[in-house]
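See below for the structure under consideration.
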Amino acid sequence: MALYSGSQNPPEGWQNGTSLSCSIDATRFLKPVNRRLHGIAIHSMSMIDDYPYHMQGLYFNMPIQVTEMSRDLLIPATRIASGYNDFLKFKSWERYLGAVSTTGYVLDIPRRWTIINPFTGNSAIETPLSEIPVITQLAYDAGYRYMEVENEPYNREWDNDPPYSRFPYTLEGQAAYVDYYRRVYHEVKRTRPMMRVMPTVMRHPTAFPYWTSGMLQILQGQFDAIAVHAYSKGSLTRNAYNNMSFEEWAVAVSVEETGRFLQYRNTFNVPVIATEFGMESVYPTTGAPRDGNIWAVVSNAYRMLLFHDTSCLEMACAWQLVEPWWPGRQETGKFLYVRPDQPGKTGFLYWLHYHFIRSLGKWLLPVTGTSPIVTLSDHWNVNRTGLLTPVMATLGPEQRRMYIVVVNASWDTEYPARFDLNGFYIRRSSVKFLKHDDLDHFGVVPAGTNPEGLIVHTGGGTISQGGTRFETTVPPHSVMFITLSA
């Protein structure tokens, strides 16, 4: 597919052009589609306003409408944080794991692809080492295979007041985490050697001195995967909304981030897992956060195409399924998928996931051609090159349906698109696309509001050349989902 080049040269197989014109070869399978890149994380079992589980661990507590809407997301993987906080409420690991298992069963999320994190959300309270063998044995014997050690231990911005993380952002904090991680790793491997254990690091392998590659070098040979929280923080060097364009955010930042994951993977030769990801940045001067509106829809979709293209990640879990009531964020779409306290309310991100997961076949197909190609500056002021209209094509298991996902990362320009197919003959087509024209919209679909016409739209196209060509127009700042049936 080759959407990522890692340099300022165009991706392999692509040339610069004024429209999108590409060839898709349905006779060549590049690799199986990794649906686990479309996971959604869950904050905890009961910390968020008593959802999704009753705060004493007694019963599943999601309203029926919200449960059905969550099941409709076909969530293939998840990561559940703050396990020790739940344990302190539930008073037993059996009850905690029962809540995790029931939630997974109700939402149809495989245990094998559920990451547990039996530690506190802000690393302020230590999970006693004597508890690690207990939860390890219970979890592994129940079918869980991944454990992440702590949740952003480097982050001391959780609360305005203590308690803070036990691991301050210093060399001493890193040393304390390394020591605790090694003890946890030893207890886990002594109890169930096949449980995969992973430390949590910051997304940039070299920019931060204590919580990145340097720490992993110290832990070399003592981790089975690397957990990264992939929040593209435009605020690190440039305010993402005041000083970065829509195109820079969608293209350059996505390309930059993909390179960071590849650097981790290639340096340490273990899988990298984004146990959380999303947009997290400085709000514009209007005060309306854009981290959940069309900025996030287009940017996250672009990132997903690069994840599939490069296999830089083994799993990725967007943050987060159950969105809480938090001051300053309660009316925005930031991280919003469903709100149990407001059944029927969704965020734009819900509809991105809903349509994307339904636009994945079994096999990734090669795509080459012409596209507008741009070189833009990322939030580190480094130039990155990428397609303005990246494309991913997959073939269904019966080879009777082809799914094409197109991102148009230009805010202003629509592009005609032509797809010439080899080894596939189209009889029918359907087109949906996500688009919204207000940069300051909160990214929320209120309860009782039809997303059609607000964020979800129906498109069209023409079939020609004996069923081997499909043509359409991709609107600006949109994500398009095309289904072609043979």
Side-chain angles (χ1 to χ4, degrees), residues 44-45 79-97 100 114-156 158 162-202 205 208-229 264 267-273 275-276:
S44 61
M45 286 294 97
R79 173 263 196 172
I80 301 173
S82 306
Y84 195 59
N85 297 92
D86 286 324
F87 167 80
L88 294 174
K89 287 185 176 183
F90 296 171
K91 308 301 182 185
S92 92
W93 286 119
E94 289 86 352
R95 185 172 288 176
Y96 163 72
L97 200 64
V100 171
T114 295
I115 301 164
I116 63 168
N117 188 314
F119 305 90
T120 54
N122 62 357
S123 299
I125 303 173
E126 179 177 303
T127 302
L129 290 172
S130 61
E131 299 286 354
I132 300 301
V134 180
I135 182 59
T136 298
Q137 180 175 338
L138 287 170
Y140 189 88
D141 292 355
Y144 299 93
R145 293 294 181 267
Y146 290 85
M147 181 184 292
E148 179 185 15
V149 179
E150 297 288 352
N151 177 69
E152 297 184 7
Y154 44 79
N155 194 341
R156 296 200 66 181
W158 288 107
Y164 292 125
S165 168
R166 311 188 314 277
F167 312 109
Y169 185 69
T170 62
L171 186 60
E172 291 74 20
Q174 180 208 68
Y177 177 79
V178 166
D179 178 69
Y180 181 66
Y181 174 88
R182 282 173 166 163
R183 294 171 186 269
V184 170
Y185 181 86
H186 172 77
E187 293 298 325
V188 172
K189 294 298 184 180
R190 182 176 64 86
T191 306
R192 290 292 183 269
M194 297 305 291
M195 178 70 87
R196 302 179 75 182
V197 189
M198 48 189 174
T200 178
V201 298
M202 301 179 78
F208 306 98
Y210 306 126
W211 295 95
T212 53
S213 292
M215 185 179 75
L216 293 176
Q217 293 286 358
I218 298 172
L219 291 173
Q220 188 77 270
Q222 294 178 297
F223 51 87
D224 305 296
I226 300 168
V228 179
H229 287 189
Y264 272 131
T267 300
F268 297 100
N269 198 32
V270 297
V272 180
I273 298 175
T275 54
E276 295 181 22

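These values consider heavy atoms only, across backbone and side chains, with no hydrogens, waters or symmetry-generated copies. For this chain, numbers begin at 1 and follow the sequence in order.
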* To do: Check step by step if side-chain contact (heavy atoms from CB on, under 4.5 Å) holds for Arg196 and Val270.
  => CA-CA 11 Å; Arg196 302 179 75 182; Val270 297; over 6 Å; no
* To do: Spell out, as yes or no, whether a donor-acceptor pair under 3.5 Å connects the side chain of Glu187 to the backbone of Leu129.
  => no
* **Straight-line distance of Tyr177 OH to Arg166 CZ, nearest 0.5 Å** => 10.0 Å
* Asked: Once you round to the nearest 0.5 Å, how far does CG of Asp86 lie from CE of Met45?
  -> 6.5 Å
* Exam field: side chain Asn117 to backbone Glu150, donor-acceptor pair closer than 3.5 Å -> yes
* Test ring pair (Phe, Tyr, Trp, His ring centres under 6.0 Å) applied to Tyr146 - qualifying residues, sequence neighbours left out -> none
* Counterpart residues, side chain to side chain contact (heavy atoms under 4.5 Å, CB included), relative to Glu172 (two or more places apart) -> Thr170
* Asked: About how many Å separate OG1 of Thr191 and CD1 of Ile132, when rounded to the nearest 0.5 Å?
  -> 9.0 Å
* **Minimum heavy-atom distance Met198-Ala225, with the two atoms named** => CB-O, 3.0 Å
* Return the minimal non-hydrogen interatomic distance between Val188 and Met147, and the atom names on each side. => CG2-SD, 3.8 Å
* Given side chains that start at C-beta, do those of Leu219 and Val178 come closer than 4.5 Å, heavy atoms only? -> yes
* Do Lys189 and Met195 come within less than 4.5 Å of each other through their side chains, counting heavy atoms only? -> no
* Structure fact -> Interatomic distance, CD1@Ile226 vs CE@Met215, rounded to 0.5 Å, equals 9.5 Å
* Asked: Does any non-hydrogen side-chain atom of Val197 lie less than 4.5 Å from one of Tyr181?
  -> yes
* Asked: Of all residues at least two apart in sequence or in a different chain, which pass the side chain to side chain contact (heavy atoms under 4.5 Å, CB included) check with Asn85?
  -> Met47, Ser82, Thr120
* **Polar side-chain atom of Thr275 near backbone of Ile115 as donor-acceptor pair, under 3.5 Å** => no
* CZ/Phe119 to CD/Glu131 distance, rounded to the nearest 0.5 angstrom? -> 11.0 Å
* Determine whether Leu138 and Tyr96 make a side-chain contact, defined as any pair of heavy atoms from C-beta on separated by less than 4.5 Å. => no
* **Electrostatic pair Arg145-Asp224, nearest N-O below 4.0 angstrom** => no
* Trp93 and Pro118, any side-chain heavy atoms less than 4.5 Å apart -> yes
* To do: May I ask you to check whether over 12 heavy atoms, not counting those of Arg190, lie within 6.0 Å of atom CZ?
  => yes
* Nearest atoms (heavy-atom pairs only) where Ala139 meets Ile116 -> CB-CD1, 3.5 Å
* Aromatic ring proximity Phe87/Tyr84, centre distance under 6.0 Å -> yes
* To do: Indicate the atoms forming the closest heavy-atom contact of Pro199 with Leu216, along with that distance.
  => CG-CD2, 3.7 Å
* Structure fact -> For Arg182 and Ile218 the tightest heavy-atom approach is NH2-O, 2.9 Å
* Asked: OH of Tyr154 to CH2 of Trp211: how many Å apart, nearest 0.5 Å?
  -> 9.0 Å
* Structure fact -> For Thr200 and Pro153, the nearest pair of non-hydrogen atoms, with its separation, is CG2-CD, 3.1 Å
* Hey, does Tyr185 have a side-chain heavy atom less than 4.5 Å from the side chain of Val149? -> no
* Does atom CG of Asn269 have more than 12 heavy-atom neighbours, drawn from other residues, nucleotides or ligands, at distances under 6.0 Å? -> no
